[in-house]
Amino acid sequence: MHADHELSAIEEVAADWMVERDRGFTLEREREFLGWLRADPRHAATFNALAETWTLIAEAQPVSAAGDEWRMGARSMGERSAARYGRRGIGWRAVGLAAAAAVALMAHVGGWRFGADSETDASAGPAAAYTLAASTDVGVLRTVELPDGSVLQLNTDSAVEVRLEEGVRRVRLTRGEAHFSVAKDRTRPFIVSAGGVDVRVVGTVFNVRLRAESVDVLVTEGKVRVGAPASETQPPRGASPHAETPAELVAGQKLSVAFGEIATLGGTAPVSVTAAEIRQTLAWHTRRLDFDATPLSEIVTEINRYNRHQLVVADPRLNERRFGGSFPADDYETFVRMLEADFAVVAERRGGETWLRLKEP
């Protein structure tokens, strides 16, 4: 009886975290949430089961009047489901067996994932290297907890390769974007490689995005060093003297390194960002996109990252028109309806694309 009561209490807390996560975490609450996940294996298992049930409820009950969401501040999937069924309604108690079924759930839960990863290939023994290859499809977000206590959150269409060994922890971001909460270990630095840039830390929280033309690094806690990959060989003849001097970033700073500027990275200064800019950059954690007076061309690029159906700005006059708002990342239709209703835009649907033009006078 005591065990049932304890599991029920975990479910209640997991439900509260689910609602708060979908509304949007502050940076402090996100750290508290990750700490709660790591505190007990049952926490991650229960949250995973709840996330799956939540998704099924939302898919079974589409929301009407979606056209109002952009202007009002889009309500998240979690809020809509909670309003319809109540926090203790369909789904909450049904996940009571989640701890016993954790292994099966970890293998197939879509979207956000917490806890041990099914793709792990780790050998037994304290000195053995731990390796992992993890990725996400378009529109899918995923969280992976590493055995050293670090947590990786993968954004849409992203991929990483992880190798943890005795003297170093390495992650290679091969595409997309990832957020890292690194467990402190002074004997094993944590190095993230992306597009010819190394981000080196001991324990901190930061975000890395690999773009087509640059690598973007944002630090929200601690300090990182960003530089060219370390090499045991001599630097190439004629290399810039700045190549050996990494740039240092502290919490509240970001750095964007164009691929052609990696050799002179030591001369690149990080830029300070506001709390609002940090929230906007990390809004994807809660499956949202936040914009503030952003050119339409940039908004369309971001929306297209999360949807197989692509938006095309077919009228050059629209490219620099600016918009602001917050809405679910996978809800491109609401954004298009807003443009049609309020900004004299004509949307023409062509198979897997929607072309956007200004309405002719």
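The first residue in the sequence is number 1, and the count goes up from there.
Under 4.0 Å is where a charged nitrogen must lie from a carboxylate oxygen, and between Asp157 and Arg175 at least one such pair does. One finds a salt bridge joining Asp40 and Arg42 here, because a Lys/Arg side-chain nitrogen approaches an Asp/Glu carboxylate oxygen to under 4.0 Å. The residues Asp330 and Arg287 are annotated as not salt-bridged, no charged nitrogen and carboxylate oxygen being separated by less than 4.0 angstrom.
Using a 30° and 60° split on the angle between ring planes, Phe343 and Phe323 fall in the perpendicular class, above 60°. Ring-plane geometry between Trp36 and Trp17 is classed as tilted, the angle between the planes lying from 30 to 60 degrees on a 0 to 90 degree scale.
Surrounding CZ of Arg225 are at most 12 heavy atoms belonging to other residues, nucleotides or ligands under 6.0 Å away. The 12-atom threshold is not exceeded at CZ of Arg186, counting heavy atoms of other residues, nucleotides or ligands nearer than 6.0 Å.
With rounding to the nearest 0.5 angstrom, the CG atom of Leu318 is 10.0 Å from the CZ atom of Arg357. Taking CG from Asn155 and CH2 from Trp284, the interatomic distance works out to 4.5 Å, rounded to the nearest 0.5 Å. Taking CZ of Arg169 as the start and CG of Leu164 as the end, the distance is 7.5 Å to the nearest 0.5 Å. One distance of note links CD1 of Ile299 with CZ of Arg321; it measures 12.5 Å at 0.5 Å rounding. Taken from OG1 in Thr46 to CD in Glu12, the straight-line distance is 11.5 Å, to the nearest 0.5 Å. The line from CG of Leu154 to CG of Leu141 is 9.0 Å long, rounded to the nearest 0.5 Å.
Residue pairs meeting the salt bridge (charged side-chain N to carboxylate O under 4.0 Å, His left out) criterion with at least one partner in residues 129-140, sequence neighbours excluded, are Asp137-Arg308. Sorted by first and then second residue, the ring-ring contact (aromatic ring centres under 6.0 Å, His included) pairs involving residues 189-218 (not counting sequence neighbours) are Phe180-Phe206.
Put simply, the side chain of Glu277 gets close to the backbone of Thr274: a donor and an acceptor are under 3.5 Å apart. Between the side chain of Ser181 and the main chain of Val205, no donor-acceptor pair closer than 3.5 Å is present. Remark: the backbone N or O of Val250 is paired with a side-chain donor or acceptor of Gln253 at under 3.5 angstrom. Remark: the backbone N or O of Asn304 is paired with a side-chain donor or acceptor of Gln310 at under 3.5 angstrom. For the pair Arg142 (side chain) and Thr136 (backbone), a donor-acceptor distance under 3.5 Å is absent. Judged by distance alone, with hydrogens and angles left aside, the side-chain atoms of Asp315 form a donor-acceptor pair with the main-chain N or O of Arg317 at under 3.5 Å. Checked by atom type and distance alone, the side chain of Ser158 pairs as donor or acceptor with a backbone atom of Thr156 at under 3.5 Å.
Applying the side chain to side chain donor-acceptor pair (under 3.5 Å) rule to Glu213 yields no partners; only residues at least two apart in sequence or on another chain are considered. Under the side chain to side chain contact (heavy atoms under 4.5 Å, CB included) criterion, Arg349 pairs with Val336, Glu340, Ala347, Thr354, sequence neighbours left out. Glu302 pairs by the side chain to side chain donor-acceptor pair (under 3.5 Å) definition with Arg209, Arg305, not counting sequence neighbours. Gln280 pairs by the side chain to side chain contact (heavy atoms under 4.5 Å, CB included) definition with Asp290, Asp292, Thr294, not counting sequence neighbours.
Nearest heavy atoms, Leu249 versus Lys254: CD2-C, 3.7 Å.
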(message) Determine whether Leu311 and Phe335 satisfy the following criterion, side-chain contact (heavy atoms from CB on, under 4.5 Å), listing intermediate values before the conclusion.
(response) CA-CA 10 Å; Leu311 303 183; Phe335 178 67; 4.1 Å; yes
